[in-house]
Number of protein chains: 2
Amino acid sequence: MLIMRSVPEDLTAPARIRDAAIALFGAQGYDGTSVRAIAAAAGVSPALVLHHFGSKEGLREACDSWIIDEVMGRKEGLTTEHDLASTMQEWLADTERFRPSLDYLARTIVDGGETGARLFAHLVDRTESMLASQTEAGIVRPSSDPRMTAAIVATHGLVPLVLERVLARSLGDTGLSSALIARMTLPTLELYTHGLYADSTVLDAATAALKGTPSEGAP
Amino acid sequence: MLIMRSVPEDLTAPARIRDAAIALFGAQGYDGTSVRAIAAAAGVSPALVLHHFGSKEGLREACDSWIIDEVMGRKEGLTTEHDLASTMQEWLADTERFRPSLDYLARTIVDGGETGARLFAHLVDRTESMLASQTEAGIVRPSSDPRMTAAIVATHGLVPLVLERVLARSLGDTGLSSALIARMTLPTLELYTHGLYADSTVLDAATAALKGTPSEGAP
DNA sequence: CGGATCACTGAACGATTGTTTAGTATGCTG
DNA sequence: CAGCATACTAAACAATCGTTCAGTGATCCG
C-alpha cells in the first residue's frame, strides 16, 4: 500500500476521510478495508478517523448517508431534483469520474442492508409511479402485476451497476464500461418494445398453467 | 459464535470443511469469515483446515472449483447434463435447501473474479446459442446485436440471485424467496412476449439518434 | 514387530485489526 | 493574556487474524 494521499488536499479532514472511505469500501469492501488504509489515503493519522466518526462502523454510516444524499441530489445546486435512476444514468455516463461512488453504491445495494433496501425501495416506488402514469398515457402496456413489473424494470436498470465486471469480461475485455452501457441501449429498447418472443405461445402456456393451480399464495 | 458443528458428521473432514466454508463465505463473505470459524463449524481444529487446503486462499479455490462442478452437474448421477441456468432454476425452487450454494454463487458472480467471469461467460454462451436456435425456429425474434441480447437475458436470469435480499424487502417482507420467484414469472413473460412499451416510438427515436451519430465504436 | 505415513490437535508465532490514551499544537473566547 | 475547546498525532492497547510447529494416535506396509 505505497500509494497514499489519494484524496486532494483542499478539503476538510472529515471530508477527505469520507471520500477515501467510499473509494476503498467500494473497491475492496468494508471488511477488506482497514482504518489505517483509509487514514493513509486521506493523509491523516488512524486516530483522527475515529476522532471524527467514533468507530469504523460510524464511518460506514456516515458514508451511507452521504451516498444517499448524493444519489438523491440533495447537494451542489439544490435546483435539480434527482433520484436513483437519474443519478445512476449520470454516473454511468462517466464511469471513470464516478467510479468510487458507483462501486460503493453497487456494494451497498447487493449487500441488502438497511441503506441498500431503502435505496432500492425508493427506486421501485419511482419506477412504479412512472410506469403507472405512462400506462395511463398509453405509452406503456398495462401489467397484470404493476408492482412486480416495476421491481423487475428497476432490477434491469441496476444490472449494469452490479454486474459491470462480469458483463465487460464476457463481451471482449473492453474495460471501458461507458461503451458497454451504450451497446446495451438498443437491444434493451428492442426487448422493451417488441419483447423477446415472436408470439405469445410461451406466455399463454404459463398463464394456462397458473390457471390450473390457482392456489399460489396459500401454502 | 456459540453454534458450531453445523455440518453433519458422516462426511470426511475435508468435505465438512469445504461445506462449512461455502456456507460461511456465502453468508458473510471471504474477508468476513475466519479460518477458526470455518473449523468450528466443521467440528475440526483450525490447523486441520490448513493441513488439507494449504491456506485460506487455497480453501477458497477448492470451494470455487467445487461450486463450478456442482453448477455444471459433474456430480451425483453423471446422467443428466446441467448448466448454470438449469442448476439455478433447481436451486431457486428450494432456496432453503440450497441457501449456502446460492449465496456463495451470488457472491462469486458479483465479485467479478476469475470463477465468476467464467461462470457468467458460460451462461452467456449457452443463452446465445439457445436464442440463435430459437430464432431460427421462429420462436424468438431476431436481434440487432445477438451477443448483447444474450448477455442481457443472462443478466436478467441472475437478478433473483444477486438482488434477492433487496427484492424481497421491497415487496413486503415475505422472506420466502421461492414465492418471490413464482411471482416474477408472469410479469417477466409478459415483458418477454409483448415488451414494455405500447408502440415503437421510443425505439424509433433511439434508432434515429444512433443513425445520426454512427461513429460509436471509434474514439 | 518396526517404521513410516497420515489425519489431527494444542499451543504458539508474528502480523494486523479496531480502538484507546496521553499528549501537542492551534485557534477562538472571555 | 489566560483558559479552554478543538484538531490532530504517536504510541500503545487487547483482540483476532492466518499460519507454523511439535507432537500424538492411528493405520498400513513390509
> For the pair made of CD1 in B/Ile38 and C1' in D/dT19, what is the distance, rounded to whole Å?
Replying inline: 14 Å

>> Measuring from the side chain of A/Ser55 (C-beta onward, heavy atoms only), which nucleotide among C/dT19, C/dG10, D/dG18 has the closest atom?
In response: C/dT19

> In degrees, rounded to 10°, what is the bend between the two ends of the helix from C/dC1-D/dG30 to C/dG30-D/dC1, using five pairs at each?
Replying inline: 10°

>> Measure CZ/A/Arg60 against P/C/dG18 and give the value in whole Å, please.
In response: 12 Å

> Nearest-Å distance, CZ (B/Arg36) to P (C/dC13)?
Replying inline: 14 Å

> Touch check for A/Ser45, heavy atoms < 4.0 angstrom, all strands: base, sugar-phosphate only, or nothing?
Replying inline: base

> Are A/Lys56 and A/Glu61 close enough for a salt bridge, meaning some N to O gap below 4.0 Å?
Replying inline: no

>> Over 60° means perpendicular and under 30° means parallel, so tell me whether A/His156 and A/Tyr192 are parallel, tilted or perpendicular.
In response: parallel

>> Test side chain to side chain donor-acceptor pair (under 3.5 Å) on B/Tyr30 and B/Glu57; report intermediate values, then the result.
In response: CA-CA 9 Å; B/Tyr30 179 80; B/Glu57 183 60 33; 3.2 Å; yes

>> Rounded to whole Å, please give me the gap between CG in B/Leu48 and P in D/dA22.
In response: 19 Å

> Whole-Å distance between D/dT9 P and A/Ile17 CD1?
Replying inline: 8 Å

> Ion pair present between A/Glu164 and A/Arg99, side-chain N to carboxylate O less than 4.0 angstrom?
Replying inline: yes

>> Less than 4.0 angstrom between a side-chain N/O of A/His52 and OP1 or OP2 of D/dC8, yes or no?
In response: yes

> Whole-Å distance between D/dA11 C1' and A/Leu50 CG?
Replying inline: 14 Å

>> Strictly distance-based, threshold 3.5 Å: is any side-chain N or O of B/Arg107 a donor or acceptor partner for the main-chain N or O of B/Gly26?
In response: yes

> C/dT17 phosphate, OP1 or OP2: any side-chain N/O from A/Ser34 under 4.0 angstrom?
Replying inline: yes

> Charged N to carboxylate O below 4.0 Å: is that the case for A/Arg97 and A/Glu90?
Replying inline: no

> Could you state the NE2-P distance from A/His51 to C/dT21, rounded to the nearest angstrom?
Replying inline: 15 Å

> Expressed in angstrom and rounded to an integer, what is the separation of B/Lys56 atom NZ from D/dC17 atom C1'?
Replying inline: 8 Å

> Step by step, would you call B/Arg118 with B/Asp64 a salt bridge (Lys or Arg N to Asp or Glu O under 4.0 Å)?
Replying inline: CA-CA 11 Å; B/Arg118 273 182 53 196; B/Asp64 279 357; over 6 Å; no

